[in-house]
Structures are given as structure tokens and as C-alpha cells.
Amino acid sequence: MTGTPIDRDRVAPPPGVELLWSGKVSDHAEDAIAHRHVLDAEESARLDGFFRPADRDAYAVAHVALRRLLGERLGQAPEAITLERLPCSHCGGPHGRPVVPGNAVHFSLSHTSGLVLIALAATPVGVDVEAVPDAGTISDVATQLHPKERTELAALPAAQRATAFTRCWTRKEALLKATGVGLNEDLSLTYVGAGAQPAANTGWLLTDLPVDTGFAAAAAVAVAVGV
């Protein structure tokens, strides 16, 4: 890790998160592609399967950075990190979210529209970063949210609704990633709120993260009940 471009994009993590990294794909793509040899066979196959260079670069940056950060945390070379997949929470198949065997450290990554976000923690963690979508997407997806979230969004002035929706969405996806359920769960079941502060969820600390204008980001990390 020392001397690599990845070092400058570490940012102050929220409570419960050991490390938070946020980087622009354009800043790291060349270096990530040059170090794609640290990826395992599954990751390399996925990288080769992308048709659009932008998608390829985002995947390379996210996964090379993840391996470097995990390697530093675990005292191993990035290419030596072993990842395995949990059973799918929806069908039980062997294609659930990737984890470090034995849960020596928990991690989550997200990337969208040229930004990558990675978190490491001692307990289950989820992060999500999203670009603010267009009005049509918001109109279509907002109807699937928790009833209280729909009410909160409807009460806002139109000019504030897009930012609030994206804030709500990243909170929800971060939490569902942390629990391992992912977007297989009905989006109307879990309430995270669309207001200025995330709603409380027992056993989880949900935090909005600072991010570039035009984006929203959130992290969810498991905590002991009562903490």
C-alpha cells in the first residue's frame, strides 16, 4: 500500500467503521488495470466480461483497492487474500455476498458513476453510494419504499425530493447489504427514513456520509444492542 495512489483517498470513518476509502475511478483506473494481477480468477473473469471501458475501470478500481486495503488490514499480499461467497439470501445458491473466511474483517464496497466507496469494520458493514437519479426513476422506485418514507418524500418541496430520495435509497441499500439480505428484500419492509437524519434500527448504526455534489452515500455497521 505504501506509495500507491490509494493512500490519499482514505477519509474519516463514521463510528463503528475501521476504515473508509472513497476514490474517483478516473484517478485510479490506470494504476488498477496495471495491477489487475492481484485479482483472483473469478474477479479477472468478471473484469474481462465488461464491454464498456467505464464499467471495466470502475470494477478494477473497486476490487484492486479492496484487495490492497484487506491485505494491509490482514498483513497479507493483496493477491493472497482469499474471498468466499455466502449462500444467497434469496435462493440459497453459492453466489451470495463475498466475505473473508472466518470473518477476520468485514467489508463492503459500492461504485457508481465514477465513484468508489469501500468500508472495513470488525462487525458486519454495508456501504452504498449513488448518483442522484432522474425524476422518472425516482417516481418509479419511490412507490416501492416503506410507507413512512413515501409520506416523507411526498411532503417535501419538489426541489428537495431528489436529494432526499437518494439519501433514503443509499441508507436502505447500505443496511440491506450489511444484513446480507440485499435487494432481495421487499423495499417497503425496512424503514430508514428520508429525512435529514437516518431512522434508528436496533442493532445497527446508520450514518450518512459526505460525498461530492450530485451523489449520496451511507454506511451501516452492526453494533451491540443498547450501544
Side-chain angles (χ1 to χ4, degrees), residues 1-29 31-32 35 58-76 78 81 97-100 103-132 163-179 192-227:
M1 293 286 295
T2 302
T4 67
I6 199 174
D7 291 314
R8 66 175 177 265
D9 286 321
R10 299 168 193 248
V11 295
V17 175
E18 292 183 2
L19 182 147
L20 186 66
W21 187 89
S22 176
K24 293 182 179 180
V25 173
S26 57
D27 290 343
H28 298 276
D31 177 74
H35 290 85
Y59 184 90
V61 169
H63 289 263
V64 169
L66 173 65
R67 283 186 166 273
R68 284 172 161 166
L69 295 169
L70 288 174
E72 180 185 69
R73 171 65 170 75
L74 298 172
Q76 300 179 29
I81 298 296
R97 65 186 177 95
V99 296
V100 174
N103 291 325
V105 63
H106 296 263
F107 68 88
S108 181
L109 67 81
S110 178
H111 57 83
T112 185
S113 301
L115 286 181
V116 174
L117 186 63
I118 298 172
L120 305 186
T123 57
V125 62
V127 293
D128 189 48
V129 58
E130 302 287 345
V132 175
T163 297
F165 168 85
T166 314
R167 183 170 59 207
C168 177
W169 180 267
T170 58
R171 293 169 181 172
K172 191 177 296 281
E173 186 160 350
L175 181 58
L176 295 180
K177 287 168 73 173
T179 63
V192 297
Q197 298 297 325
N201 277 267
T202 302
W204 298 94
L205 182 60
L206 192 55
T207 308
D208 293 334
L209 302 175
V211 71
D212 291 352
T213 301
F215 294 84
V221 62
V223 296
V225 174
V227 173

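If you're wondering where the values come from, they're calculated on a predicted model, not measured in any experiment.
- The two residues P14 and L20 make their nearest non-hydrogen contact at CD-CD2, 4.0 Å.
- Taking both residues in full, the closest heavy atoms of A174 and A218 are given as CB-O, 3.6 Å, listed atom of the first, atom of the second, then distance.
- Applying the side chain to side chain contact (heavy atoms under 4.5 Å, CB included) rule to A29 yields the partners V25, D57, V61; only residues at least two apart in sequence or on another chain are considered.
- Partners of F215 by ring-ring contact (aromatic ring centres under 6.0 Å, His included), not counting sequence neighbours: none found.
- At least one side-chain heavy atom of R10 sits less than 4.5 Å from a side-chain heavy atom of L69.
- In this structure E130 satisfies the side chain to side chain donor-acceptor pair (under 3.5 Å) test with no other residue, sequence neighbours excluded.
- Expressed to the nearest 0.5 Å, how far CD of E72 lies from CG of L120 amounts to 9.0 Å.
- Distance check: T170 OG1 to L175 CG gives 11.5 Å after rounding to the nearest 0.5 Å.
- Distance check: L117 CG to L209 CG gives 6.0 Å after rounding to the nearest 0.5 Å.
- Residues P78 and V64 have side chains not in contact (no heavy-atom distance under 4.5 Å, counting atoms from C-beta outward).
- Side-chain N or O atoms of T123 include one that pairs as donor or acceptor with a backbone N or O of A222 at under 3.5 Å.
- Atom-to-atom distance recorded for R68:CZ and H63:NE2 is 14.5 Å, nearest 0.5 angstrom.
- Shown here are the side chain to side chain donor-acceptor pair (under 3.5 Å) partners of N201, two or more places apart in sequence or in another chain: there are none.
- The two residues V17 and A119 make their nearest non-hydrogen contact at CG1-CB, 4.0 Å.
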For a quick test of your reading: what N or O donor-acceptor pairs under 3.5 Å do the side chains of residues 103-113 make, sequence neighbours left out?
{"residue": "S108", "atom": "OG", "partner": "V127", "partner atom": "N", "Å": "3.0"}
{"residue": "S110", "atom": "OG", "partner": "D128", "partner atom": "OD1", "Å": "3.1"}
{"residue": "S110", "atom": "OG", "partner": "V129", "partner atom": "N", "Å": "3.1"}

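- Counting heavy atoms from C-beta on, the side chains of P15 and L205 come closer than 4.5 Å.
- Residues A194 and A164 come closest through the heavy atom pair O-CB, 3.7 Å.
- A salt bridge (Lys or Arg N to Asp or Glu O under 4.0 Å) check over residues 197-223, counting only residues at least two apart or in different chains, returns the pairs R171-D208.
- Once rounded to the nearest 0.5 Å, the distance linking CZ of R73 with CG of L66 reads 13.0 Å.
- Residues G193 and A199 share a closest heavy-atom pair of N-CB, 4.1 Å.
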